[in-house]
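In what follows, a single structure is set out as structure tokens and then discussed.
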Amino acid sequence: MTRVQRTKVLRVGAIAGAIPYFSKDLVSGKWEGFGPDFSESLAKKFGAKVEYVETTWGNAVLDLQSNKIDAMFGMAPTPARKEVVNFSDTLFDNTYTAVCKKGFPTKTWEQLNAPENKIVVDVGSSHDQLATRILPKADVQRLENSGSATLALQAGRADCQILVILLAQPLLAKRANVGVMQIPTPIYTAPVSIGLRKEADPAMQAAVNAWLGEVRAKGEVRSVILKNMEKLAGVPASAFPSEIKF
């Protein structure tokens, strides 16, 4: 916090092509998405400007630890990550969905929890963790990445793919023939936070949480999400069911 106040610069991790979280215009070099919008708002609160440092989801934790960046928006606060970096309060909750082949009825997670159901997830992800926890009886196939899981579903080698809604909606906006999105009950969500460097001084974490409380109270989190989903992912606000909260 002292360095940000002194230099008037907030260093934020950014990931090219991680729509709708981050998107970089190759011509202008301008960053767009949830992350940049929230970053600019936080920096304004600090009286600072944003300096974007390109990273990956896999390297972001190391970049925080090694003092390359001050904040990483859109990071899931897993137990392993909490050991090495700090986290803000929850930025928003990402709802889990099941994208299933057409004609496959799914109203509850318990319906999916059967040996004859083939479920695909990207290995090591929060989708994988949810399937491990609530679908122990299902035939869960853990593939290399989310794209591989989608291909398996599209090719008919799986019945459903588990995805958070902010990934499921853009997928179906581009490839409607993949399947149909369901929101099984009970509704499960994944918290999305802001990763911060772990340090003894709580000033940065406190300041970020204070800013977060203000923007959430104004409804700005939801408006930023819906704006970027439509602009970058082609998903209109009307596509989100009423039970989805941000």
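Residues forming a side chain to side chain contact (heavy atoms under 4.5 Å, CB included) with P136 (at least two apart in sequence, or on another chain): N113.
Electrostatic pairing of K118 and D139 does not count as a salt bridge here, judged by no charged N lying under 4.0 Å from a carboxylate O. Salt bridge annotation for D159-K101: present, with a cationic side-chain nitrogen under 4.0 angstrom from a carboxylate oxygen. Under a 4.0 Å N-O distance rule, the pair E83/K198 does not qualify as a salt bridge. Taking a cutoff of 4.0 Å between a charged side-chain nitrogen and a carboxylate oxygen, D37 and K227 qualify as a salt bridge. Comment: D70 engages R197 in a salt bridge, judged by a side-chain N to carboxylate O separation of less than 4.0 angstrom.
Annotation: the span from L166 atom CG to Y21 atom OH amounts to 5.0 Å, rounded to 0.5 Å. A distance of 12.0 Å separates CE of M181 from CG of L167, quoted to the nearest 0.5 Å. Rounding to the nearest 0.5 Å places CD1 of I162 at 6.0 Å from CD1 of I134.
Between F246 and F240, the gap from one ring centroid to the other is short of 6.0 Å.
In this structure, the side chains of T132 and R142 come closer than 4.5 Å at one or more pairs of heavy atoms. Contact check for L153 versus V99: side-chain heavy atoms found under the 4.5 Å cut-off. A heavy-atom distance below 4.5 Å is not found between the side chains of F87 and T78. Between F38 and V12, the closest side-chain pair of non-hydrogen atoms is not below 4.5 Å. Between V215 and K45 there is no side-chain heavy-atom pair separated by less than 4.5 Å. Annotation: side chain of M72 is not in contact with side chain of I194 (no heavy-atom distance under 4.5 Å). Side-chain contact between S88 and V208 is present, with at least one heavy-atom pair separated by less than 4.5 Å.
Defined by atom type and a distance below 3.5 Å, a donor-acceptor pair is missing between the side-chain atoms of Q182 and T97. With hydrogens and angles left out, the side-chain atoms of N67 and R11 include a donor and acceptor closer than 3.5 Å.
Scanning both residues, F73 and G35, for their nearest heavy atoms gives CB-CA, 4.0 Å. Here the closest heavy-atom approach between residue A131 and residue V121 is recorded as CB-CG1, 4.2 Å.
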